[in-house]
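The block underneath contains the structure these notes are about, expressed in structure tokens.
Note on naming: letters A, B, ... go to the chains in the order of the sequence lines (proteins, then strands), and numbering restarts at 1 for each one.
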Amino acid sequence: MSRKLSMIQAISEALDQKLADDNRVMLLGEDIGVNGGVFRATEGLFEKYGRERIVDTPLAEAGIIGSAIGLGMNGMIPVVEIQFLAFIYPGFEQIVSHAARMRYRTRGQYHVPMVIRTPFGAGIRGPELHSESVESFFAHVPGLKVVVPSTPFDAKGLLISAIEDPDPVIFLEPTKLYRAFKEEVPEELYRVPIGKARVIREGSHLSIFAWGAMIRVAEEAAQQLERERGWLCEVVDLRSISPLDRDAILASVKKTGRALVVHEAHKTAGMGAEIISIINDEALLYLKAPVKRVTGYDVPVPQFAIEDDYLPTVARVKQGIVETIQY
Amino acid sequence: MSRKLSMIQAISEALDQKLADDNRVMLLGEDIGVNGGVFRATEGLFEKYGRERIVDTPLAEAGIIGSAIGLGMNGMIPVVEIQFLAFIYPGFEQIVSHAARMRYRTRGQYHVPMVIRTPFGAGIRGPELHSESVESFFAHVPGLKVVVPSTPFDAKGLLISAIEDPDPVIFLEPTKLYRAFKEEVPEELYRVPIGKARVIREGSHLSIFAWGAMIRVAEEAAQQLERERGWLCEVVDLRSISPLDRDAILASVKKTGRALVVHEAHKTAGMGAEIISIINDEALLYLKAPVKRVTGYDVPVPQFAIEDDYLPTVARVKQGIVETIQY
Amino acid sequence: MTDFYQVLDPKGQLLEDTRNQISEETMLKMYGNMVIVRAFDRKSIHLQRQGRMGTYAPFEGQEASQVGSAMALLPGDWLFPTYRDHAASIVHGQSMTRVFLYWMGHMDGSISPSDRHIMPPCVPIATQMVHAVGTAWASKRKGEPHVSLAYFGDGAGSEGDFHEALNMAGVFKTPTIFFCQNNGYAISVPFSQQSASRTVAQRASAYDIPGVRIDGNDIFAVWLTVKAAMERATAGLGPTLIEAVTYRYGAHTTADDPKKYRDQERLAEEWRSERDPVQRLKVYLEQSGLWNEWKETALQTKVAEQIEAALIEAESYPKSQAADMFKHVYEVPSWMVEEQQKDAIVPEGKRGVLA
Amino acid sequence: MTDFYQVLDPKGQLLEDTRNQISEETMLKMYGNMVIVRAFDRKSIHLQRQGRMGTYAPFEGQEASQVGSAMALLPGDWLFPTYRDHAASIVHGQSMTRVFLYWMGHMDGSISPSDRHIMPPCVPIATQMVHAVGTAWASKRKGEPHVSLAYFGDGAGSEGDFHEALNMAGVFKTPTIFFCQNNGYAISVPFSQQSASRTVAQRASAYDIPGVRIDGNDIFAVWLTVKAAMERATAGLGPTLIEAVTYRYGAHTTADDPKKYRDQERLAEEWRSERDPVQRLKVYLEQSGLWNEWKETALQTKVAEQIEAALIEAESYPKSQAADMFKHVYEVPSWMVEEQQKDAIVPEGKRGVLA
Ligand SMILES: Cc1ncc(C[n+]2csc(CCOP(=O)(O)OP(=O)(O)O)c2C)c(N)n1
Ligand SMILES: Cc1ncc(C[n+]2csc(CCOP(=O)(O)OP(=O)(O)O)c2C)c(N)n1
Ligand SMILES: [Mg+2]
Ligand SMILES: [Mg+2]
């Protein structure tokens, strides 16, 4: 059975079902208890599972993430909510120097089955530092996995996989998509595998690699160009930022010979560069044109009055496609 | 006039001369005062400039970097020493969310003329977390500059430029090179410009892009292959990681048609990817082979017994060159 | 709630004679300022509801804390507000126009008046506290008699930066004033769950610096306490931690619903009717013959006009433009910034049509 | 220095009657443990000088703090050492072999015995303190009567993580023991410059949790204090902060030269001759008729043999290999790990010769 759910509902359901399924699962975060989370991802869970398992923490991200590491090492499965991605920085050391390395340092004796969920990305008219997308920071850290859903279905299935994953997973939720649309989501527990991309639109002229809120921008651009020029762009939702699904990237680009990456993050040292490098490594000779990056600019995400100018738009993606196809 | 100095001496001299030159310059850090710094970069400066300007701080990186931001906004030029790169993480939020953005948020009214110096990189048999090279984190942050010297001469000139730069500069000092060799260093104050690479070995068969301690590995590999096969590899010391010297990268690769990047940092989402992307953007058609990355692996930097296996070696670089040239 | 320093009790009665410490002029200014910022706050909520502003963080209930502390400052003092301290910013000299612009998401919303040091509202919790150590330290090094005052909330007291700031300020005896508005909540989390300690002020003892707990709805107590802290600070005696006990009547931000986590009607009503900061000063001024209904009416009219004028100015201020995003990333733009700016200013209609 | 809890004074005299609290067997074990770890420490410095080990962090002078606290623990308790707390690890059950391996840079150097929870030495200062909140919290949730004990230094008290750990442990009443060895220095920085407060223990009042300052060179005081904290913790009363005042006789690490920042000869000599933890227990045991020179000689011989055996084991332990680097990055290796492993194990001689 399935019903139509928004992404936030799908996330909430995944949490609920894993809480019911596994007594070791605990949620930790600021305002996630009585208040149900600032985006309401944990609505109703406090009443259902109690204060032992749905924990309103003090305002201390290093403390939250660090104690979640300890909880994870001692048999719990902590699912941490960070209120917005930029507020993960106080806990950055705990993630990079500990969560990602505990299994390694102890030669597998201890591990940290932690998930850190956090809304990310721009486009919601948020104040400063509510719109960051710095996924490449985490992708550069061995020992972490990084996941970004773009649909309610994937959000539920990926979150369940993340909670069941024995290693720490950074789970980035595109704020803009929380309530953007609904789709059929199965009622039962199901998994979407981490590390697997999904081709959401087949095509032969060019491959677009994207994730999160940029998927919709990519799709729209692809649709318009099909209508306008008959070009068929393949859209690949990478879903996992680390590890990237190299096979999917290569399969698509070997077919189309042209590619474009869309991401909200700053261009320099963003994940677009890594994707280009994977293509360079293994499919250079298939390329008919340079791989294009349509990304956020190398400037701080501006105040919201002009955030739309910062973000990749359908027009910018289309321009990139045109330039790549007509190279 | 010049004399032969090691890199640490050159750094020390740059600090000394800027302290003498500009009363606003202050040094802050753990053990930099009476003790002269754990690597002795500040030896003798406490005695010379006193505790007001050479400040032994509490063990609190967010506090050090955060207060340096305030000092910088109110007329001082703070030069912070972080004992090892990994210990910058507690201050990561201060760097990313404040130092890098203060000019932007205040529309130029306040700025942070801060330098953060820190030893980085492996190869000194250091304990855990004493050998990281995560320069790409900082290169992904607009508003920061990132600099890495590979010679005593450049260290002094770049550090002086960094201190005089009105924007925050992350100054990464390859620990392994501190005392590796000496070279002629002018006595006077001089600048090496930030953002400019240096071709340290001309060549026509392949371009090697590297920085810091990897320069010596790259040079050695190039020399051996010239001897062994007569191949002339160009070695480009990027020196600035942000901004990268795109012109130098493109000029070299357009000439050679083949390129290889060497860095100690983990491969995925490291700066090698960005360099490949710059080449992809502007010089794809010049490439006769994929650009190779010879880098640290996507594993935590291991304990020192096997750190040499983690690091790019001359043999690995040579293998990369051979594969690229014989592609 | 009673173990704090109070001068003017909730009924508007003076508990200690402050006549030679606070002039009548100052008292009237305190009142005028509280009235205008309250009106500003209500206007902002209204504008947000109308979609003319983004998410907004109201402060009604906390006027005495913000106005009293900011009024104590001298023009050269540095002010570090959070996202909730626009009352303090306005009192220290920020224009209401600019505060409107900030909440409208305008790029120019956090520029300080050039003759003041009013920092942009700080969003990441507690991070501004260490900046205020640094600016104060610099003032001290330069021999300037200025303090840096950092606002923060009860929730902020749990962050590591709080601790590092207080310790460093204590070690270097910087002229920093750490001003906590303990409004009882960090969004939904009550202070009793936020902290293992009963008060924020007691944390000062961890650093052997003075910690003072005051009635944050008593503007006299606030003003006098900050003045005393300023004296200590500029005398080279170092920082002070002040905990002003107060309450926000409304939501955390316009995106928040306080009914989800507290008995909003009862509690807010109780604070408003029994401990309101504006009302108690008004009663005192009236009883002292310094205020009357006629003056009140005139003030309210003036205030409404001023706010309206600021709003008109804000709404007719030149809009932020894509090009603004590329300014002030560095003093000298990087090549990436320069090049990407060219890409960004292509008009949308002109994109994707090259062929 | 005297405002702390002391049971056995520096002259080996008992200040309070502890006979029914600490058994003779325990006392003898305390002594034996202190002797062996001291010998281990000296051996390690020696090995480092010979180039058989990497940089090493010695703890001589701090034996009572480490041995006394670790001996108080039960097998199921969690131990979070720093880079200086191998004495504690050894006492809690870590093999000396593994400690040697750790300092030899071996990949297997931080594996806990499988029937203990001994965490790897924590390098980034204060970060382990929050882990000990988490593990203790989990013990509590599972209803296991175990504590988590985190070691840290006086310098660590300045880090934000110290504050967040204490506050969170206080809020959730986790069975965590925060054990500070205040050895007076964070590398070169004396505590007086590290902290605005005179003691570490007083910081407990910032969290309304108990803070105890003890003579860290008095193993009885250490043991009794940790036992009391364990009782509180497992009774659900929450964390305790313990400040054990002690001194490291030697360098911060073998890479450090204490003469640069303190009057090393005078100070270390003073501590060693006047307050040594091993000597004072020895005097007490001798006076109590529990110890004599004959036993001492036997112990020293046994200790030397044990250390030698551990060293031989460590030096003949299979060397770390490149392939080890790729293990345990994830439970299931990523494709990057798998592929790069293939690259890494190409023998050096085989590289660069494909042609
Ligand atoms: C580092 C960080 N974490 C989380 C947030 C999200 N957040 C914004 S305000 C707030 C509560 C702050 O409470 P308090 O310090 O009491 O100040 P108040 O809002 O009551 O004025 C939170 C959790 C943030 N802005 N920064
Ligand atoms: C976050 C961090 N910053 C800096 C360092 C470098 N460092 C290693 S030990 C040390 C001093 C620690 O002093 P203390 O906490 O008193 O412990 P002790 O060494 O005296 O046992 C410093 C600064 C580090 N390991 N981690
Ligand atoms: Mg609050
Ligand atoms: Mg110490």
message: Does any backbone or side-chain atom of C/D161 lie under 4.5 Å from a heavy atom of chain A? Answer side chain, backbone, both or neither.
response: neither

Option in A/I325, A/V34, A/I321, A/D298 with maximal non-hydrogen atom pairs under 4.5 Å from chain C: A/D298

task: Heavy-atom pairs under 4.5 Å with chain C are the metric here; pick the option from A/H130, A/Q224, A/E307, A/E61 that has the most.
output: A/E61

field: C/P121 versus chain A, the contacting section by heavy-atom distance below 4.5 Å
entry: backbone

Parallel, tilted or perpendicular: ring planes of C/Y249 versus C/Y247, cut at 30 and 60 degrees: tilted

Any side-chain heavy-atom pair of C/I187 and A/E30 under 4.5 Å: no

- request: Run the numbers on C/R98 and C/H106 for side chain to side chain donor-acceptor pair (under 3.5 Å), then give the verdict.
  value: CA-CA 9 Å; C/R98 237 178 247 296; C/H106 196 287; over 6 Å; no

task: Would you please indicate yes or no on a ring centroid separation below 6.0 angstrom for A/F84 and A/F120?
output: no

Structural part of A/F87 lying under 4.5 Å from a heavy atom of chain C: side chain

- request: Could you look at C/S110 and say if it's the side chain, the backbone, both or neither that has a heavy atom under 4.5 Å from chain A?
  value: side chain

- prompt: Just checking, C/R262 and C/Y185: is the charged tip under 6.0 Å from the six-membered ring centre and within 45° of the axis?
  reply: yes

message: For C/V189, which atoms come within 4.5 Å of any heavy atom of chain A: side chain, backbone, both, or neither?
response: both

message: Is C/I125 close to chain A through its backbone or its side chain, or both, or neither, when contacts mean heavy atoms under 4.5 Å?
response: side chain

- request: Check whether A/V301 gets within reach of chain C through its side chain, its backbone, both or neither, counting any heavy atom under 4.5 Å.
  value: neither

task: Find out whether A/V55 and A/R51 are in side-chain contact, i.e. whether some heavy atom of one side chain is under 4.5 Å from a heavy atom of the other.
output: no

Region of C/Q341 in contact with chain A, defined by heavy-atom distances below 4.5 Å: neither

- line: Most heavy-atom pairs under 4.5 Å with chain A, out of C/M107, C/Q340, C/Q193, belong to C/Q340

message: Please identify, among C/Q194, C/M325, C/M336, the residue contributing the most non-hydrogen atom pairs under 4.5 Å to chain A.
response: C/M325

- prompt: Is the distance between the ring centroids of A/Y310 and C/F326 less than 6.0 Å?
  reply: no

message: Quick one, C/Y102 and C/F100 - any side-chain contact, counting heavy atoms below 4.5 Å?
response: no

- prompt: C/A126 versus chain A, heavy atoms under 4.5 Å apart: side chain, backbone, both or neither?
  reply: neither

task: Step through it carefully: locate the ring centre of C/H86, locate the ring centre of C/F59, and say whether they are under 6.0 Å apart.
output: yes

